[in-house]
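I have placed the structure first, in the form of structure tokens, so that the comments after it can refer back to it.
Order of the sequence lines sets the chain letters (A, B, ...), proteins ahead of strands, with each chain counted from 1.
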Protein chains: 2
Amino acid sequence: MPVAVSVGEMDLRCATCPVHHHAVCQALGGLYLHELAGIMTHRHFEAGTEIVHQGETSNLFGIIASGVVKLTRLLPDGRQHIVCLLSETDCIGDVFSAESHDNAMCVTDVELCCFHRKQFDEIVKSHPTLGHHLLQRVTVDLEEARQWLTALGRKKAVEKVAMFIVWMWNEEHEHCLHAPRRVNDMMLHFPFSREEIADFLGLTLETVSRCIGKLDVDRVITLLNAKCIEIRDLDRLRQIAESDI
Amino acid sequence: MPVAVSVGEMDLRCATCPVHHHAVCQALGGLYLHELAGIMTHRHFEAGTEIVHQGETSNLFGIIASGVVKLTRLLPDGRQHIVCLLSETDCIGDVFSAESHDNAMCVTDVELCCFHRKQFDEIVKSHPTLGHHLLQRVTVDLEEARQWLTALGRKKAVEKVAMFIVWMWNEEHEHCLHAPRRVNDMMLHFPFSREEIADFLGLTLETVSRCIGKLDVDRVITLLNAKCIEIRDLDRLRQIAESDI
DNA sequence: CGGCGAGTTGACTAGCGTCAAATGATGTGG
DNA sequence: CCACATCATTTGACGCTAGTCAACTCGCCG
């Protein structure tokens with residue numbers, strides 16, 4: 001449901017948006033941000049909600065303002081896989097095709113800047129810089145997908161889990177949108193269940209649990225509670241993640 | 001080594017190129033093709049040759065005119081994975097980053113249209129349509145990577161192999177650059193060794209061999225020789241590939 | 001306090017990897 | 001043209017990693 005705002009406010013929404021300097025929309029200068037704001041609607045989704053359904057047509061192109069979204073695929077027999085985890089400044093949807101390849105589900109509560117696919121594409125076409133930024137972002141996504149491809153194809157369970165923890169830690173420390181946090185902060189809160197981690201890494205939740213347990217016993221991490229760990233030895237964790245002996 | 005040609009010939013190279021109507025360069029009209037041809041060099045690589053080395057800086061941006069290229073990643077302990085298989089009209093290299101994430105190796109002999117990364121990016125920036133086409137292509141690559149991600153994460157060995165065969169068949173029948181071939185042609189010649197298929201699917205060569213053997217015994221395919229199969233029951237092969245019971 | 005879902009732990013199993021030998025394909029030199 | 005070497009592929013025997021199934025614990029909330 002679109003939030004009710006006055007026209008004056010609407011014009012400012014993109015210019016005052018906390019993420020716009022880091023998302024693809026940074027490509028548009030102040031003048032053109034109005035244009036974007038004009039076709040944008042802000043929406044809120046509760047954790048667990050589905051934003052887009054796999055296989056259905058959807059004209060949504062969204063930019064995440066806050067929260068975490070998982071893109072999942074379901075095989076006919078019920079096996080599930082998470083192909084991508086998205087957070088603030090990431091994009092949902094494909095400018096080119098209306099048919100969604102995957103489910104988009106909210107892992108946490110989500111604030112989403114929503115556009116109509118074609119309207120957004122029009123703006124992309126008329127603003128090459130935006131197109132260029134979009135290209136850059138999809139290129140990064142592709143690179144990340146390939147990194148996980150090698151992990152799923154060739155790494156052992158512990159290595160995958162170590163890699164996932166390192167990845168989460170990097171995510172936290174790259175974004176730094178919220179508060180400027182200390183870089184030596186080794187505490188890690190995460191919103192994912194064991195099953196979600198498993199579905200992402202191509203494992204079962206039991207195996208994920210055992211691997212986290214092993215890293216805890218080996219004193220690489222400390223398991224504070226189910227969704228909070230402290231990294232005790234980041235270098236070793238990285239070595240394990242990289243399969244570096 | 002650049003092929004020696006006269007200036008007049010050079011100007012025409014892109015316009016007369018057999019793949020240019022299907023590659024990203026299709027975005028450029030006749031006038032601008034000269035521009036592209038001006039900064040392009042044609043190179044030939046033998047099967048087994050390395051085009052780009054993982055981790056090294058490379059300013060190559062290439063479009064494959066003919067042949068098959070594999071992008072591989074090597075883990076510190078020697079395990080290897082193929083993250084992507086490329087053929088005619090596909091692009092090698094990343095416009096944005098000079099450091100290569102992966103090895104690019106020739107599976108067959110390869111003809112490559114080579115550009116300097118930055119020069120190509122300049123043309124992309126000045127020709128939004130080209131940028132748009134590039135975006136479209138990277139988007140497709142991303143979608144394909146995610147398809148393989150679910151396969152590596154959640155599918156069984158036979159399902160992966162079936163999927164690979166279906167994929168090869170689709171590739172053959174999509175391109176159709178060479179000769180317009182009969183669509184009911186169920187013969188499939190492929191250039192990959194068992195080890196390459198294994199490195200792509202996250203299996204071992206023995207497992208790939210056994211799975212192909214099983215599909216042969218089950219009369220879904222007929223193994224004519226190591227690198228040539230006939231598909232006997234495409235529907236069933238697709239069902240197996242999709243894990244559809 | 002009891003019920004519920006998430007996570008952990010244990011016992012057992014199956015699928016795939018590992019190692020090794022056999023077979024087949026291809027090429028080379030006498 | 002054959003003998004031989006070499007490499008890719010197949011096949012077999014065995015072991016290990018991660019999956020399966022089930023019991024148990026923990027934290028949370030009514």
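In this structure, the side chain of B:Asn103 does not engage the main chain of B:Leu71 through any donor-acceptor pair within 3.5 Å. With A:Lys160 contributing its side chain and A:Ala151 its backbone, the two residues share no donor-acceptor pair below 3.5 Å.
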For this session: Decide yes or no on side-chain contact (heavy atoms from CB on, under 4.5 Å) for A:Arg154 and B:Arg73, but give the supporting numbers first.
Result: CA-CA 10 Å; A:Arg154 286 292 177 234; B:Arg73 295 190 184 193; over 6 Å; no
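Between the C1' atom of D:dT10 and the CG atom of B:Leu223 lies a distance of 10 Å, rounded to the nearest Å. Note: CD (A:Glu196) to C1' (C:dG5) measures 14 Å, nearest angstrom. Atoms CD (B:Glu195) and C1' (C:dG17) sit 14 Å apart, rounded to a whole Å. The CZ atom of B:Phe192 sits 13 Å away from the P atom of D:dT9 (whole-angstrom rounding). B:Leu201 places its CG atom 18 Å from the P atom of C:dG15, with the value rounded to the nearest Å. Protein atom CD of B:Glu159 is 11 Å distant from nucleotide atom P of C:dG15, rounded to whole Å. Put simply, CZ on A:Arg79 is 12 Å from P on C:dG15, counting in whole angstrom units.
Between A:Arg232 and A:Thr222, the side chains place a donor N or O and an acceptor N or O closer than 3.5 Å (distance only, hydrogens not considered).
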Exercise. When every nucleotide of nucleotides 16-30 of chain D is labelled 5' to 3' by its protein contacts under 4.0 Å (heavy atoms), B for base, S for sugar-phosphate only, - for none, what sequence of letters results?
Worked result: --SSBB---------
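Classification of A:Asp244 and A:Arg238 as a salt-bridged pair fails, no side-chain N sitting under 4.0 Å from a carboxylate O.
Residues passing the ring pair (Phe, Tyr, Trp, His ring centres under 6.0 Å) test with A:Phe61, sequence neighbours excluded: A:Phe120.
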